[in-house]
Amino acid sequence: MSSESTPALAPGGAGADAARADGTAPVVPPARGPRARGTTAYLRYAAGKLVGAAVSLFAVLVTSFFLFRLIPGDPVKQMTGGRQVSSEQIAAMRREFGLDLPLWQQFTEYCGKALTGDFGTSYQFHAPVVDKIAEALPATLLLTGTAFVIYTVIGVWLGSRSAWKHGSAGDRFHTAFALTLYSVPSFWLGLLLIITLSVGIGPVPGLFPTGGMESGPGSGLDHVLDVAHHLVLPVITLVAVEYARTLLVMRSSLLDEMGGDYLTTARAKGLRDDHVRRRHAVPNAMLPTVTLLFVNLGNTVAGAILVETVFSWPGLGGLFYQALSVPDLPLVQALFFVFAAAVILMNTLADVIYPLLDPRVGR
């Protein structure tokens with residue numbers, strides 16, 4: 001049989017066996033099954049989310065420019081600190097920072113530079129804004145990262161146990177306590193911790209520093225312990241609020257799973273109750289919680305502004321407070337963009353990952 005007369009054969013058919021018998025390889029058609037359609041649908045879904053995130057980031061960039069120009073006060077006069085300055089000096093400072101240009105020209109220059117990663121020069125620090133953010137970023141990541149790990153572990157563990165024993169005294173206590181903490185403003189809780197654990201009440205002495213990240217320059221283990229000592233109260237403040245949210249979502253998700261037939265089947269096989277919870281119920285209930293954790297991570301970075309301000313923590317939140325008091329427009333705009341971008345990117349990452357955990361989403 002010539003190669004021209006060999007038909008195109010699908011693998012697994014009768015013709016495929018004949019083709020293999022005479023040494024001719026069958027022609028495999030391109031995949032058009034459910035998996036290929038699912039991959040295409042997921043890529044379209046992910047591309048849509050990424051485009052939406054890019055549009056949101058640009059909207060934040062535009063908003064950050066106009067929003068902070070509504071703040072009353074002249075940045076140049078604030079920088080002079082009330083000193084007697086001639087009108088010529090003020091005009092020279094306005095030219096230096098580009099404040100004498102028309103608003104539309106300031107906006108186009110701001111957007112053009114920001115898209116290349118240049119957010120200008122800080123008015124009060126006289127340094128590139130990106131450098132100031134890079135200096136403060138490690139402190140914020142240390143605070144929010146430590147809090148994120150702790151409240152994730154506590155929230156998931158307590159939430160799963162409360163749901164599994166719903167209606168018990170422990171469940172009622174943890175739920176009520178979580179709802180109370182969830183409703184407490186973080187700055188108020190931070191001030192309360194400073195009063196009770198830093199300043200001290202009556203015979204109870206202060207155990208922790210009132211603020212800052214370190215008592216002084218140091219190195220080695222002593223420096224690590226000093227930073228950890230200063231880290232305790234800010235971390236407790238962030239954990240107290242965020243663990244409550246994680247616990248409530250985890251509890252609600254697991255309660256929805258507890259009526260599933262697969263759990264009844266697992267129990268009928270003689271599996272221990274604790275094994276059914278850990279190996280079957282909790283992994284399925286984790287899907288909404290995983291999404292929440294990504295969202296919480298972005299919100300924690302942005303929400304650390306008040307906590308860092310209360311505890312004088314030298315991170316992005318404290319830097320934002322300093323910039324806002326001038327107002328240092330380039331620094332305020334850049335920090336606002338960073339905080340909003342953290343929330344947007346974490347939300348987008350959660351949207352993109354969720355279909356990989358639950359195939360029903362995004363198909």
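If you're wondering where the values come from, they're calculated on a predicted model, not measured in any experiment. Index from 1, following the sequence.
Between the OG1 atom of Thr175 and the CG atom of Leu248 there is a distance of 6.5 Å, given to the nearest 0.5 Å. Here CZ of Arg172 is found 12.0 Å from NE2 of His174. Values are rounded to the nearest 0.5 Å. Atoms OG1 and CG, from Thr237 and Leu191 in turn, are 9.0 Å apart once rounded to the nearest 0.5 Å. Within the model, atoms CG of Leu61 and CG of Leu57 stand 8.5 Å from one another, a figure rounded to the nearest 0.5 Å. Remark: Leu319 CG to Phe125 CZ distance equals 5.5 Å, nearest 0.5 Å. The structure places CZ of Phe65 at 15.0 Å from CZ of Phe337, a figure rounded to the nearest 0.5 Å.
Side-chain atoms of Ser252 do not come within 3.5 Å of backbone N or O of Val249 as any donor-acceptor pair. Thr348 places no side-chain N or O within 3.5 Å of a backbone atom of Leu50 that could act as its donor or acceptor partner. At distances below 3.5 Å, at least one donor-acceptor pair connects side-chain atoms of Ser198 with backbone N or O atoms of Phe208. Under a 3.5 Å cut-off, the side chain of His230 and the backbone N or O of Asp226 do form a donor-acceptor pair. Between the side chain of Asp328 and the main chain of Tyr123, a donor-acceptor pair closer than 3.5 Å is present. Of the possible polar contacts, none joining the Ser162 side chain to the Gly159 backbone as a donor-acceptor pair under 3.5 Å is found. Although no hydrogens or angles enter the test, the distance criterion places no donor-acceptor pair under 3.5 Å between the side chain of Trp313 and the main chain of Pro234.
No side-chain heavy atom of Arg161 sits under 4.5 Å from any side-chain heavy atom of Arg251. The side-chain heavy atoms of Leu181 and Val241, taken from C-beta on, include no pair separated by under 4.5 Å. Here the side chains of Val227 and Leu142 are in contact, with some heavy-atom distance below 4.5 Å. Contact of the Tyr45 side chain with the Val352 side chain is not registered, since no non-hydrogen atoms from C-beta on lie closer than 4.5 Å. The side-chain heavy atoms of Phe320 and Glu308, taken from C-beta on, include no pair separated by under 4.5 Å.
Neither Val224 nor Leu141 shares a network with the other; the hydrophobic side chains, linked directly or stepwise wherever heavy atoms of I, L, V, M, F, W or Y lie under 4.5 Å apart, form separate groups for each. Under a hydrophobic clustering in which Ile, Leu, Val, Met, Phe, Trp and Tyr are joined whenever their side-chain heavy atoms come within less than 4.5 Å, directly or via other members, Tyr182 and Phe148 fall into different clusters. Residues Val343 and Val307 do not share a hydrophobic cluster, clusters being chains of Ile/Leu/Val/Met/Phe/Trp/Tyr side chains in contact below 4.5 Å. Both Leu329 and Phe107 are members of a single hydrophobic cluster when ILVMFWY side chains are connected at heavy-atom separations under 4.5 Å. When the side chains of ILVMFWY residues are joined at heavy-atom separations under 4.5 Å, either directly or via intervening members, Val184 and Tyr243 end up in a single hydrophobic cluster.
When all heavy atoms of Gly317 and Thr309 are compared, the pair lying nearest together is O-OG1, 3.9 Å. Considering every non-hydrogen atom in both Ala340 and Val60, the closest pair reads CB-CG1, 3.5 Å. When all heavy atoms of Leu207 and His229 are compared, the closest pair comes out as O-NE2, 2.9 Å. The two residues Leu247 and Ala178 have their closest heavy-atom pair at CD2-CB, 4.0 Å. Minimum interatomic distance between Ile344 and Ser56 (heavy atoms only, all atoms of both residues): CD1-CB, 3.7 Å. The heavy-atom pair separating Gly167 from Asp171 by the smallest distance is N-OD2, 2.8 Å.
Among residues two or more places apart in sequence or in another chain, the ring pair (Phe, Tyr, Trp, His ring centres under 6.0 Å) test is passed with Phe187 by none.
Using bins of under 30°, 30° to 60° and over 60° for the plane-to-plane angle, the ring pair Phe173/Phe177 lands in the parallel bin.
Centroid-to-centroid, the aromatic rings of Phe336 and Phe339 stay 6.0 Å apart or farther.
Val310 pairs in a side chain to side chain contact (heavy atoms under 4.5 Å, CB included) with only one of the listed residues (Ile194, Leu189, Leu193), which is Ile194.
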Task: Steps toward side-chain contact (heavy atoms from CB on, under 4.5 Å) verdict (Leu316, Leu137) - done: CA-CA 6 Å; Leu316 297 180; Leu137 184 60; 3.7 Å; yes

Show me the side-chain donor-acceptor pairs of residues 113-120 shorter than 3.5 Å, one per line, residues at least two apart or across chains.
from   : atom 1 : to     : atom 2 : distance (Å)
Thr116 : OG1    : Lys113 : O      : 2.6
Asp118 : OD1    : Gly120 : N      : 3.0

